[in-house]
Amino acid sequence: MTRRLFAVGCGVLIALGLVHLMGHYGLMTAEGDTEAERQLLSLMRGNPQDMGLGFVRSMFDIVAGFSLTFSILPAGMGLVGLLLLRHEGRAPGLLRQASIVYAGVYGIMTAVAFRYWFPAPLFFLAAAFLCFVAAVAMAPREA
């Protein structure tokens with residue numbers, strides 16, 4: 001059951017990355033529906049600042065970079081978890097330890113989402129968190 005819960009948690013992370021990637025595409029193609037949204041996007045895309053070492057970025061560039069990163073990292077962590085599952089038999093106890101780390105990381109991410117974000121990422125993160133917590137609870141302890 002631990003393996004199944006861990007795999008489901010990893011699948012949720014991969015789904016989160018893919019769903020967020022669709023949202024990222026929406027961000028990159030956004031033109032704004034209202035005058036206020038168009039003005040905000042214009043301000044974010046305009047006025048690039050020198051960030052040092054020849055890097056000139058607008059606020060939109062920075063937000064887009066974080067958005068793309070949030071698409072890639074959960075999917076990557078889900079794939080690493082599936083890879084870990086594949087080789088788990090070679091290192092007894094590794095799955096429980098990995099579940100603890102994943103539960104900790106995604107517990108913190110769930111708290112951040114609850115405080116700062118909106119329902120979609122919150123639900124994905126909470127689902128992954130619960131899967132990893134359950135995997136920890138069901139995993140046998142090493143002697």
Side-chain angles (χ1 to χ4, degrees), residues 1-34 36-38 40-45 47-143:
M1 187 63 154
T2 300
R3 289 177 56 84
R4 180 170 289 153
L5 287 166
F6 189 85
V8 169
C10 291
V12 169
L13 293 178
I14 293 166
L16 169 58
L18 295 174
V19 168
H20 198 276
L21 193 58
M22 290 187 299
H24 175 77
Y25 176 75
L27 169 70
M28 298 307 293
T29 58
E31 295 180 12
D33 295 330
T34 66
E37 289 175 0
R38 285 188 286 277
L40 181 59
L41 287 168
S42 175
L43 289 169
M44 287 179 65
R45 288 181 173 132
N47 194 31
Q49 301 289 314
D50 184 353
M51 301 291 163
L53 300 174
F55 289 89
V56 178
R57 302 287 185 263
S58 68
M59 184 57 66
F60 189 85
D61 294 330
I62 293 168
V63 169
F66 279 119
S67 174
L68 188 55
T69 298
F70 190 77
S71 298
I72 294 168
L73 285 177
M77 289 298 294
L79 291 171
V80 167
L82 293 177
L83 183 66
L84 187 133
L85 267 177
R86 187 174 183 190
H87 299 286
E88 180 253 337
R90 296 181 184 149
L94 181 61
L95 188 59
R96 184 174 195 282
Q97 293 172 353
S99 296
I100 291 169
V101 171
Y102 275 59
V105 168
Y106 289 100
I108 293 168
M109 292 285 293
T110 300
V112 168
F114 187 75
R115 170 63 178 91
Y116 292 104
W117 297 339
F118 47 96
L122 171 63
F123 294 151
F124 275 98
L125 290 166
F129 169 65
L130 292 174
C131 287
F132 296 126
V133 166
V136 171
M138 304 284 278
R141 293 186 178 265
E142 285 188 59

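Bear in mind the structure is a predicted one, so any value in this text is a computation, not a measurement. By convention here, the first residue in the shown sequence is residue 1.
- Side chain of S67 to backbone of V63: no donor-acceptor contact under 3.5 angstrom is found.
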Derivation and outcome, side chain to side chain contact (heavy atoms under 4.5 Å, CB included), residues F60 and M28: CA-CA 9 Å; F60 189 85; M28 298 307 293; 4.0 Å; yes
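- Considering every non-hydrogen atom in both V12 and A127, the closest pair reads CG1-CB, 4.2 Å.
- Annotation: the span from L16 atom CG to L125 atom CG amounts to 5.5 Å, rounded to 0.5 Å.
- Under a 3.5 Å cut-off, the side chain of R3 and the backbone N or O of L85 do form a donor-acceptor pair.
- Applying the 6.0 Å contact sphere to CE of M44 captures more than 12 heavy atoms from other residues, nucleotides or ligands.
- Judged by distance alone, the side chain of R38 and the main-chain N or O of G32 form a donor-acceptor pair under 3.5 Å.
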Worked verdict on V101 versus Q97 for side chain to side chain contact (heavy atoms under 4.5 Å, CB included): CA-CA 6 Å; V101 171; Q97 293 172 353; 5.9 Å; no
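- Rounded to the nearest 0.5 angstrom, L18 CG and L13 CG are separated by 11.0 Å.
- Across all their heavy atoms, G78 and C10 have their closest contact at O-CB, 3.5 Å.
- Contact between L5 and M138 at its shortest, heavy atoms only, is CD1-CG, 3.8 Å.
- Here the CD1-CE distance, from I62 to M59, works out to 5.0 Å after rounding to the nearest 0.5 Å.
- In terms of heavy-atom proximity, F129 sits nearest to T110 at CB-OG1, 3.8 Å.
- Put simply, CG on L94 and CD on E88 are 7.0 Å apart, with the number rounded to the nearest 0.5 Å.
- Side-chain atoms of Y102 come within 3.5 Å of backbone N or O of M77 as a donor-acceptor pair.
- Here CG of D61 is found 11.5 Å from CD of Q49. Values are rounded to the nearest 0.5 Å.
- Nearest heavy atoms, T2 versus L95: CG2-CD2, 3.8 Å.
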Intermediate values then yes/no, side chain to side chain contact (heavy atoms under 4.5 Å, CB included), I14 and L82: CA-CA 10 Å; I14 293 166; L82 293 177; 3.6 Å; yes
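- For an aromatic pair to be called close, the ring centres must be under 6.0 Å apart, and W117 with F124 fails this.
- One distance of note links CG of D33 with CG of L41; it measures 9.5 Å at 0.5 Å rounding.
- The two atoms that bring Y106 and F132 nearest to each other are CD1-CE1, 4.3 Å, heavy atoms only.
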Full working for side chain to side chain contact (heavy atoms under 4.5 Å, CB included) between M51 and V56: CA-CA 6 Å; M51 301 291 163; V56 178; over 6 Å; no
